[in-house]
Amino acid sequence: MLPIDAAAHSSRWRRRHPCEKAVLGFGLTVLAICLPPWPGAVLVAAATLAVLLGPAGVAPRQLWRAWRIPLGFCVTGAVPLLFQVGGAGGLVSPAPDGPVHAGQLLLRTSAASLGVLLFAFTTPVSDVLPRLVRAGVPAAVVDVALVMYRISFLLLDAVRRVREAQTARLGLTSRAAAWRSLAGLGATAFVRAFDRAARLQTGLAGRGYDGTLRVLVPRAVVSGRFLGASGALLAGLVALTYVLERLLP
């Protein structure tokens with residue numbers, strides 16, 4: 001199991017309805033995209049961090065390990081805005097407003113990624129997928145997603161075990177050996193993926209699979225107080241952004 005999935009299963013908000021956490025997490029994401037980067041995205045990022053580290057109970061180290069990957073994509077996407085192609089400066093030259101645009105994009109995307117992480121750190125995928133059928137998603141699509149979600153963890157575990165075996169057999173002692181081990185790892189994972197799929201199909205057929213996976217979903221009731229507090233937070237961020245936008249230069 002990935003660390004973020006383990007954190008979601010042990011989260012303080014584990015028993016809350018996914019709709020509540022979706023309103024809060026994706027609401028913060030939308031605000032980060034729609035509000036002005038300064039001070040809107042900064043306020044959204046600060047509020048999201050406060051919720052993650054406070055009421056949601058996410059450990060700072062876990063949050064950083066999960067956030068650094070999307071943050072790297074945010075930085076990579078902002079760097080090209082620092083340059084322009086063509087013009088009087090030559091083939092490639094610094095863009096006149098490059099730092100400003102790059103900073104705005106970085107603020108928006110980093111704050112938006114925190115909102116998505118808020119939902120991911122508090123809501124297991126196994127709680128969300130079965131409820132998508134009630135939202136109008138075809139049952140066949142949900143079933144495929146559930147199966148792929150299960151198989152992905154099995155394959156990750158198989159890859160980890162093969163990698164440990166290769167290391168124990170000195171398969172990474174040189175560059176050539178490392179490449180041979182990597183090729184063997186890919187081939188083994190490919191074969192095991194088909195083997196797992198065939199075994200899963202056989203198991204489902206033996207249990208009378210009729211085209212629908214029936215999954216027990218933990219009972220959860222939507223809390224009006226939580227939704228009200230989430231709405232108040234989102235509205236407060238919007239109001240504070242426009243107030244500070246007028247006061248700050």
Side-chain angles (χ1 to χ4, degrees), residues 3-4 7-8 11-13 16-85 87 89 92-123 128 222-249:
I4 193 170
S11 172
R12 296 177 184 174
W13 291 354
R16 289 195 173 277
H17 198 283
C19 180
E20 302 174 7
K21 295 170 283 188
V23 169
L24 178 59
F26 295 135
L28 290 169
T29 301
V30 171
L31 290 186
I33 297 173
C34 298
L35 292 177
W38 173 258
V42 177
L43 292 175
V44 171
T48 309
L49 283 173
V51 174
L52 278 166
L53 301 177
V58 179
R61 186 175 181 180
Q62 285 183 325
L63 177 59
W64 168 245
R65 292 183 63 183
W67 190 35
R68 63 184 179 182
I69 298 177
L71 187 60
F73 284 101
C74 297
V75 174
T76 304
V79 168
L81 297 180
L82 298 174
F83 306 95
Q84 65 178 4
V85 179
V92 179
S93 60
D97 297 328
V100 175
H101 294 309
Q104 291 177 348
L105 179 63
L106 184 59
L107 287 175
R108 287 185 187 274
T109 52
S110 57
S113 63
L114 281 174
V116 177
L117 285 177
L118 174 60
F119 183 77
F121 263 109
T122 56
T123 311
V128 178
V222 178
S223 173
R225 294 179 60 183
F226 188 92
L227 292 178
S230 301
L233 175 62
L234 298 177
L237 289 173
V238 173
L240 185 59
T241 297
Y242 286 109
V243 169
L244 293 179
E245 191 178 19
R246 293 183 179 182
L247 297 178
L248 297 177

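This is a predicted model, so every value here is computed, not measured.
- In plain terms, the two heavy atoms of Leu107 and Ala41 that are nearest each other are O-CB, 3.6 Å.
- Taking all atoms of both residues into account, the shortest heavy-atom contact from Pro55 to Ala50 is CD-O, 3.5 Å.
- The shortest non-hydrogen separation linking Ala66 to Pro70 is O-CD, 3.0 Å.
- Considering only heavy atoms from C-beta on, Thr241 stays 4.5 Å or farther from Val44 through its side chain.
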Test side chain to side chain contact (heavy atoms under 4.5 Å, CB included) on Phe119 and Val128 and set out the steps. CA-CA 11 Å; Phe119 183 77; Val128 178; 3.9 Å; yes
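- Here Thr109 contributes atom OG1 and Leu105 contributes atom CG; the two are 4.5 Å apart, rounded to the nearest 0.5 Å.
- With hydrogens and angles ignored, the 3.5 Å screen pairs a side-chain donor or acceptor of Arg108 with a backbone N or O of Leu35.
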For a side chain to side chain contact (heavy atoms under 4.5 Å, CB included) check, start with the C-alpha distance between Trp67 and Ser113, then their side-chain angles and the critical distance, and finish with the verdict. CA-CA 8 Å; Trp67 190 35; Ser113 63; 3.0 Å; yes
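- In this structure the side chain of Leu43 reaches within 4.5 angstrom of the side chain of Leu244, judged on heavy atoms.
- Taking the side chain as every heavy atom from C-beta outward, Trp38 and Val100 never approach each other to under 4.5 Å.
- For Arg16, the salt bridge (Lys or Arg N to Asp or Glu O under 4.0 Å) partners two or more places apart in sequence, or in a different chain, are Glu20.
- Phe73 meets the side chain to side chain contact (heavy atoms under 4.5 Å, CB included) test with Ile69; sequence neighbours excluded.
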Passes side chain to side chain contact (heavy atoms under 4.5 Å, CB included), Leu237 versus Leu28? Steps please. CA-CA 9 Å; Leu237 289 173; Leu28 290 169; 3.6 Å; yes
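- No option in Thr29, Leu24, Leu114 other than Leu114 meets the side-chain contact (heavy atoms from CB on, under 4.5 Å) test with Thr48.
- Residues Leu117 and Val58 are not in side-chain contact: their nearest non-hydrogen atoms beyond the backbone lie 4.5 Å or more apart.
- Distance check: His101 NE2 to Gln104 CD gives 6.5 Å after rounding to the nearest 0.5 Å.
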